[in-house]
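All remarks here apply to the structure that follows.
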Amino acid sequence: MVVSLRFNFSSDPEYQEALKYLHNRQFICAVQHLEGLVVQRLFELAKANLAGTGYKMRQQISNAITRRSTAIRNTLEHYNQLAPLQTPPREVLKFSEPWVSKANREVAGKYFKIVCACEGIGHLNIEITRLQKWVDDEDAHLFTTATSLSVSNPALASEICKLYDKRKQVNNVHHMHLQAIYALPGFSGVCCDIELTDSEVINKLQNATPIEVDEDDTLCDEAAHLESYIA
C-alpha cells in the first residue's frame, strides 16, 4: 500500500479543534475543582471560629484546613499549567491565604452585604412607589364611589363612607411611614407629595424620631478599599 499523504498533527483542522476542546474542558474542570476547594475551606474557617465549637471539633477542622491547603496548592498548580494554553490565555494565579485572618473574612462578608444592599435599594424604590400608588388609588376609588352613590343609593353610599373612613385611617399610617422614608438622607427613589387629613397621624409624624442609619465608618472604609482592590 502506497501512502501519498501522511497525517500531520499541526495542519489537520479537526485534530486542532479536538485538542482545543480537550484543553478547554480540562481547564473548566480545574476551575470548578479549585472553586469547590476554596468554598469548602471558607466554610471550615467560619466553623472553626464559631462559639460553642468543642476542642475535638476544632482540632478536626484544623487538620482538615491543613489538608485543604495542600489540595488547593496542587489544584492551583494544575490550573496555572492550563491557563496559558487557553484562547485567549488566562491569568496565572498565586497562592495566598488572606482568608486565614478573621478580620479579612468579616470585611469581605460586609462588602458583599453592601453589594446586595445596593441591589435591594433599587427593588425597594419600586415597592415604595407601588405602595404609594396603591394607597392613593384606594382612597380615591372609595371616595369617588361613595360620592357617586350618594343620590342614587344613599344606604350603600353610607356603608362605603364608613369603609372609606376606616381605610383612610390605615392608609394615613402608611402615608406617615412613607413620608419618613422620603425624609431619609440619601433616599434615591421618587418622592411623592402626601396630604394627611388625620390630625393624630400628623402629630405622630411631626413628633416622630427620625430614622437613624447605623453606619460603621471604619468598616465602610475597609469595604471601600476592598471594593477598589477587587475592581
Which heavy atom in [X] sits nearest to a heavy atom in [Y], and how many Å separate them?
X    : Y    : value
A157 : A146 : CB-O, 3.6 Å
A71  : L37  : O-CD1, 3.7 Å
P84  : P89  : O-CB, 3.9 Å
L178 : I128 : CD2-CG2, 3.8 Å
E91  : Y79  : O-OH, 3.2 Å

What's the separation between atom [atom1] in [X] and atom [atom2] in [Y], rounded to the nearest 0.5 Å?
X    : Y    : atom1 : atom2 : answer
Q179 : C191 : CD    : SG    : 8.0 Å
R167 : H174 : CZ    : NE2   : 6.5 Å
R73  : T75  : CZ    : OG1   : 12.0 Å
L82  : R90  : CG    : CZ    : 12.0 Å
Q81  : L76  : CD    : CG    : 10.5 Å

Do the side chains of [X] and [Y] join up, straight or via other hydrophobic residues, at under 4.5 Å, putting them in one cluster?
X    : Y    : value
L124 : M176 : no
I126 : L184 : no
F27  : L93  : yes
V135 : L163 : no

With a 3.5 Å distance limit and no angle check, can you tell me whether [X] reaches the backbone of [Y] through a side-chain donor-acceptor pair?
X    : Y    : value
S150 : T147 : yes
T145 : H141 : yes
N171 : D136 : no
E159 : A155 : no

List the steps and the verdict of side chain to side chain contact (heavy atoms under 4.5 Å, CB included) for R25 and C29.
CA-CA 6 Å; R25 177 62 181 171; C29 291; 3.7 Å; yes
Would I160 and F143 count as a side chain to side chain contact (heavy atoms under 4.5 Å, CB included) here? Give the steps.
CA-CA 8 Å; I160 294 177; F143 180 78; over 6 Å; no
Lys/Arg-Asp/Glu bridge criterion (N-O < 4.0 Å) met for K168, D139:
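Yes.
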Counting C-beta onward and ignoring hydrogens, is there a side-chain heavy-atom pair between [X] and [Y] closer than 4.5 Å?
X    : Y    : answer
K162 : S158 : yes
V190 : N125 : no
Q132 : H175 : yes
N74  : H78  : no

Assess, by modelled atom type and distance only, whether the side chains of Y21 and Q26 contain a donor and an acceptor separated by less than 3.5 Å.
no
Trace of the side chain to side chain contact (heavy atoms under 4.5 Å, CB included) decision for K166 with V170:
CA-CA 7 Å; K166 293 180 180 179; V170 175; 5.9 Å; no
Kindly indicate, with the supporting measurements, whether the criterion side chain to side chain contact (heavy atoms under 4.5 Å, CB included) is fulfilled by N172 and Q169.
CA-CA 5 Å; N172 280 341; Q169 293 178 0; 5.6 Å; no
